[in-house]
Amino acid sequence: MKVACIQMDVLHCRKQKNLEKALYMALEAVRKGAELIVFPEVFSTGFCYEHFDHAAETFPSPILENLACFSEANDCIILGSVIEKVASEEISVSRKPADSNYSALSDSSKSILYYNLGFCFESGALAGSYRKTHPFKAENQYFSRGSSIEPITLKKQNLKIGFEICYELRFPEVARKLSLAGSDLLVTTAAFPNPRSEHWKTLARARAIENQIPHIACNRTGSAPDLTYFGNSMIIDAWGEVKADAGNKECVIVYNLDLSEKDKIRKAIPVFEDRRTELY
């Protein structure tokens with residue numbers, strides 16, 4: 001499968017400009033043959049805390065509708081994250097994959113919670129979503145924590161994607177749980193800042209190596225009011241080799257991943273068979 005990472009400078013709180021840039025770069029990826037495209041964490045706004053309610057999306061929203069339409073028009077898969085706003089009484093509602101386009105949750109006048117919401121559109125349908133379970137430091141003042149870690153299942157591609165968000169790269173338990181649940185591919189959408197580039201590169205490869213799974217690690221570049229970002233988005237194969245690295249500039253990277261390689265590597269080095277589950 002040809003996969004792509006959109007490494008972009010996210011303009012702080014400028015939702016429409018970021019959407020236009022993201023879709024323009026995604027179109028470049030499609031022209032290069034990409035079937036699966038990953039955006040950085042909160043790509044539409046950055047961590048726009050000073051205008052948090054405006055930055056947030058509800059289902060449906062123009063941003064998500066645009067992404068669904070792009071995914072349908074180009075018959076591709078799109079993943080990334082946005083700030084989500086949801087009424088507290090909706091939390092217990094299970095968001096199930098839509099059969100066509102994506103289904104909306106009803107609005108509510110009750111108290112509002114915010115999540116860092118990972119999304120996955122497949123050919124216009126919402127294949128699934130994931131609320132970040134490990135907000136980082138100050139994020140905990142604004143975001144509620146997600147309560148479920150499960151792969152997203154693609155119907156058309158018959159594929160399971162393990163999806164994690166930024167800080168969760170530091171928790172090997174997240175990627176391992178997703179792998180044990182049958183993920184074929186690991187995707188990390190991130191806004192990993194300076195000066196932690198060596199941490200990012202080492203951890204991204206480690207998650208691929210220890211789980212013997214391809215990994216698309218998509219980071220932003222550029223700057224925010226209080227941070228700068230180094231980029232280094234990577235497409236890593238199941239052996240842990242970096243097949244494409246975006247460096248530190250805005251760009252699109254594309255690579256044709258062999259998704260069957262995972263099974264061959266796990267047969268050659270049977271890490272999963274040799275786990276001592278009675279001990280850990």
Q. Name the one of F136, W200, Y167 that satisfies ring pair (Phe, Tyr, Trp, His ring centres under 6.0 Å) with F192?
A. W200
Q: Indicate yes or no: at least one non-hydrogen side-chain atom of E84 is less than 4.5 angstrom from one of F59.
A: yes
Q. Does a side-chain heavy-atom distance below 4.5 Å link R176 with N211?
A. yes
Q.
Side chains of F43 and V82, heavy atoms from C-beta outward: is any pair under 4.5 Å?
A. yes
Q) Within the distance-only criterion (no hydrogens, no angle test), does the side chain of K201 pair as donor or acceptor with the backbone N or O of M234 below 3.5 angstrom? A) no
Q: State, with a plain yes or no, whether a side-chain heavy atom of P172 is found less than 4.5 Å away from one of R207.
A: yes
Q: Quick one: closest heavy-atom pair of E57 and I63, and the distance?
A: OE2-CG1, 3.5 Å
Q. Taking R131 for the side chain and Y114 for the main chain, is one N or O donor matched with an acceptor at less than 3.5 Å?
A. no
Q) Looking at K177 and E173, does any basic side-chain N land under 4.0 Å from a carboxylate oxygen? A) no
Q | Check: S123/D75 side-chain N/O donor and acceptor closer than 3.5 Å | A | yes
Q | Under 3.5 Å donor-acceptor, S183 side chain and K160 backbone | A | no
Q) Is a salt bridge present between K264 and E261, judged by a nitrogen-to-oxygen distance below 4.0 Å? A) no
Q. Side chains of T188 and E164: donor-acceptor distance under 3.5 Å anywhere?
A. yes
**Q.** Full working for ring pair (Phe, Tyr, Trp, His ring centres under 6.0 Å) between F52 and F143
**A.** CA-CA 10 Å; F52 206 55; F143 293 102; 5.3 Å; yes
Q.
I'd like to know if the side chain of E122 reaches the main chain of I77, judged simply by a donor and an acceptor atom lying under 3.5 Å from each other, with no hydrogens or angles considered.
A. no
Q. Hey, does L169 have a side-chain heavy atom less than 4.5 Å from the side chain of H215?
A. yes
(Q) Contact between L159 and M1 at the side-chain level, heavy atoms closer than 4.5 Å - yes or no? (A) yes
Q) Where the side chain of Q7 meets the backbone of G247, is there a donor-acceptor pair that is under 3.5 Å apart? A) yes
Q) Can you tell if the side chain of S81 reaches within under 4.5 Å of the side chain of Y130, non-hydrogen atoms only? A) no
**Q.** For the student: nearest non-hydrogen atoms of L178 and P151, plus distance
**A.** CD2-N, 3.7 Å
Q | Heavy-atom donor-acceptor pair, N140 side chain to K137 backbone, under 3.5 Å | A | yes
Q: Keeping the roles fixed (side chain from N18, backbone from V10), state whether a donor-acceptor pair exists under 3.5 Å.
A: no
